Amino acid sequence: MRTAKDADRPELVRLWQEAFGDDEATAGFVLDRFAGPENVLIAEEDGAIAAYACAIPVTMGRYRGIYLYGVNTKKELRGRGIMARLLGEIHTDAARRGRDFAVLVPEGEKLFGFYEKFGYTTRFYHRIVTKEVRPNLWAQAEFDTLTAPRLAALREKFLEPPYVAFEERAHAAMVQDLYTSGATTIEAENGYGVFFVRGDLMIFKELAAEGNLAATRMLEAARQHTGCSMARLELPRYGEVFLGEGETVPFGMLKWLSGERKLDEPSMSLVGD
């Protein structure tokens, strides 16, 4: 295993496009801004890149870990155990550097079983709540674009710990990608949210508030802002907002790298899409 070099970039972009179908700009953004070359880890066969994965630094409460993203083996070399060896080396190296855990979001239901073979367990769930939002002309909130530092501060204030958070560079890149993809942010005195509009539906990728009334008022303000009458909320499984409502679905997986730690119900959002 080795870290990526500048000379690797064209081949890394090509393999990314081969695996995920993104354009060159998207692949380059992930490799350069979101991960950074020092966090792109490569396995070689006969002197050529055979597989790679991004291991991006994250925190989860008082623990430090890595978020695995873009796990990718060259098409003609799949099935030879190359990725299994690379993941093993990534885990060992991360533990040596003082990282406590690794997390990831499988790309599809079948991959949950694949990662279980490497010691990952499903520990992150989303509770999907769909609500009709009534009109309320008095509901107020701000819809100015949140800066990366401001979003980080709001998450720290309103999200129930422990939650997975990127360190500064990756967090800034994530926020840039959200806005580039068309996300809208809402902020009120007692909560905030990040959502996308799809037709008459507001899809909230994150919503945190001081109780149901505060959350409802933000949804009503968002309706006034967008004209949408329906909202789909992706909430933590045991979060206080609209607790008891919705359907729980598996979302992300966790692996402890050097002994299991005591951990309350963790949450993870704004990643993996």
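What you see is a predicted model, and the numbers here were worked out from it, not measured in a lab.
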(request) Decide, yes or no, whether a salt bridge links Glu265 with Arg237 under the criterion of side-chain N to carboxylate O below 4.0 Å. (result) yes

(message) Please determine whether a side-chain nitrogen of the Lys or Arg among Glu45 and Arg85 lies less than 4.0 Å from a carboxylate oxygen of the Asp or Glu.
(response) yes

(request) Using modelled atom types only, decide if a donor and an acceptor are shared between the side chain of Asp100 and the backbone of Arg64 within a distance under 3.5 Å. (result) yes

(message) Taking the side chain as everything from C-beta on, heavy atoms only, tell me whether His126 gets closer than 4.5 Å to Ser269.
(response) yes

(request) Indicate yes or no: at least one non-hydrogen side-chain atom of Gln176 is less than 4.5 angstrom from one of Thr180. (result) yes

(request) Determine, using the 4.5 Å side-chain heavy-atom cutoff (strictly less than), whether Leu146 and Val197 are members of one ILVMFWY cluster. (result) no

(message) Between Arg261 and Ser258 (side chain of the first, backbone of the second, donor and acceptor by atom type, cut-off under 3.5 Å), is there such a pair?
(response) yes

(message) Under 4.5 Å between side-chain heavy atoms, counting indirect links through other Ile/Leu/Val/Met/Phe/Trp/Tyr residues: same cluster for Tyr179 and Met202 or not?
(response) no

(message) If I take atom CG from residue Leu219 and atom CE from residue Met230, how far apart are they, to the nearest 0.5 angstrom?
(response) 11.0 Å

(message) According to ring pair (Phe, Tyr, Trp, His ring centres under 6.0 Å), who are the partners of Phe196, at least two apart in sequence or on a separate chain?
(response) none

(message) When you measure from the side chain of Asn212 to the backbone of Phe242, do you find a donor-acceptor pair of N or O atoms at a distance under 3.5 Å?
(response) yes

(message) Using a 3.5 Å distance criterion without hydrogens, assess whether the side chain of Arg127 forms a donor-acceptor pair with backbone atoms of Gly239.
(response) yes

(message) I need the Asn39 CG to Ile66 CD1 distance, nearest 0.5 Å.
(response) 9.0 Å

(request) Return yes if some donor-acceptor pair links the side-chain N/O of His91 with the main-chain N/O of Leu87 below 3.5 Å, else return no. (result) yes

(request) For the pair Glu189 and Glu210, evaluate side chain to side chain contact (heavy atoms under 4.5 Å, CB included) and give the outcome as yes or no after the intermediate values. (result) CA-CA 9 Å; Glu189 182 179 355; Glu210 295 175 347; over 6 Å; no

(request) Side-chain contact test, heavy atoms from C-beta onward, threshold under 4.5 Å: evaluate it for Lys74 versus Arg80 and give yes or no. (result) no

(request) Only pairs at least two apart or in different chains count here, so list each side chain to side chain donor-acceptor pair (under 3.5 Å) that has a residue in residues 19-32. (result) Arg9-Asp32, Trp16-Asp22, Asp23-Thr26

(message) Are Thr185 and Tyr192 packed together at the side-chain level, in the sense that at least one heavy-atom pair is separated by less than 4.5 angstrom?
(response) no

(request) Return the orientation label for the Tyr67 and Tyr69 ring planes: parallel under 30°, perpendicular over 60°, tilted otherwise. (result) parallel

(message) Would a single hydrophobic cluster contain both Phe114 and Tyr120, if residues Ile, Leu, Val, Met, Phe, Trp and Tyr are joined by side-chain heavy-atom contacts under 4.5 Å?
(response) yes

(message) Hydrophobic clustering (ILVMFWY, side-chain heavy atoms < 4.5 Å, transitive) - are Leu41 and Leu12 grouped together?
(response) no

(message) Within the supplied structure, the quantity of interest is the number of heavy atoms (other residues, nucleotides, ligands) at a distance under 6.0 Å from Glu18 CD; does it exceed 12?
(response) yes

(request) Find out whether Met1 and Ile42 are in side-chain contact, i.e. whether some heavy atom of one side chain is under 4.5 Å from a heavy atom of the other. (result) no

(message) In the structure I gave you, are the side-chain heavy atoms of Val71 and Leu104 within less than 4.5 Å of one another anywhere?
(response) no

Using atom types as modelled, flag every donor-acceptor pair under 3.5 Å from a side chain in residues 161-174 to any protein atom, sequence neighbours excluded.
| from | atom 1 | to | atom 2 | distance (Å) |
| --- | --- | --- | --- | --- |
| Tyr163 | OH | Glu156 | N | 3.3 |
| Glu167 | OE2 | Arg99 | NH1 | 3.3 |
| Glu167 | OE2 | Arg99 | NH2 | 3.3 |
| Arg169 | NH1 | Glu38 | OE2 | 3.2 |
| Arg169 | NH2 | Ala35 | O | 2.5 |
| Arg169 | NH2 | Glu38 | OE2 | 2.6 |
| His171 | NE2 | Ala148 | O | 2.8 |

(request) Flag yes if Tyr52 and Ile82 sit in one hydrophobic cluster, no otherwise; membership is Ile, Leu, Val, Met, Phe, Trp, Tyr, and two members link when side-chain heavy atoms are under 4.5 Å apart. (result) no

(message) One pair to check against side chain to side chain contact (heavy atoms under 4.5 Å, CB included): Thr184 and Ile186. What are the steps and the verdict?
(response) CA-CA 7 Å; Thr184 299; Ile186 179 172; 5.9 Å; no

(message) Any carboxylate oxygen within less than 4.0 angstrom of a Lys/Arg side-chain nitrogen, looking at Lys5 and Asp8?
(response) no

(message) Tell me whether the count of non-hydrogen atoms from other residues, nucleotides or ligands lying under 6.0 Å of CD in Glu142 goes above 12.
(response) no

(message) Show the nearest heavy-atom pair for residues Asn72 and Ala19, with the distance to one decimal.
(response) OD1-CB, 3.3 Å

(request) Side-chain contact test, heavy atoms from C-beta onward, threshold under 4.5 Å: evaluate it for Thr121 versus Trp256 and give yes or no. (result) no

(request) Test side chain to side chain contact (heavy atoms under 4.5 Å, CB included) on Met60 and Leu254 and set out the steps. (result) CA-CA 11 Å; Met60 184 170 59; Leu254 167 70; 4.0 Å; yes

(message) Within this structure, what is the CG-CZ distance for the pair Leu154 and Arg150, rounded to the nearest 0.5 Å?
(response) 4.0 Å

(request) Please lay out, stage by stage, how Glu234 and Arg232 fare under the test salt bridge (charged side-chain N to carboxylate O under 4.0 Å, His left out). (result) CA-CA 7 Å; Glu234 299 179 10; Arg232 181 183 186 271; 2.9 Å; yes

(message) Quick check: closest heavy atoms across Pro106 and Gly252, and the distance to 0.1 Å?
(response) CD-CA, 4.4 Å

(request) Before giving the answer on salt bridge (charged side-chain N to carboxylate O under 4.0 Å, His left out), spell out for Arg223 and Glu220 the whole-Å C-alpha distance, their side-chain angles and the decisive distance to 0.1 Å. (result) CA-CA 5 Å; Arg223 171 175 174 149; Glu220 291 169 350; over 6 Å; no

(message) Taking the side chain as everything from C-beta on, heavy atoms only, tell me whether Leu15 gets closer than 4.5 Å to Ile49.
(response) yes

(request) If the plane angle is over 60° it's perpendicular, under 30° parallel, otherwise tilted; pick one for Phe195 and Phe143. (result) perpendicular

(request) Might you confirm whether atom CD of Glu247 has over 12 heavy atoms from other residues, nucleotides or ligands at distances under 6.0 Å? (result) no

(request) Give a yes or no on whether the backbone of Ser229 and the side-chain of Asp200 come within a donor-acceptor separation of less than 3.5 Å. (result) yes

(message) Using only atom types and a distance under 3.5 Å, with no angle test, would you say the side chain of Arg33 pairs donor to acceptor with the backbone of Leu31?
(response) no

(message) Apply side chain to side chain contact (heavy atoms under 4.5 Å, CB included) to residues Phe101 and Val58 and explain how you reach the verdict.
(response) CA-CA 9 Å; Phe101 66 90; Val58 291; 3.8 Å; yes

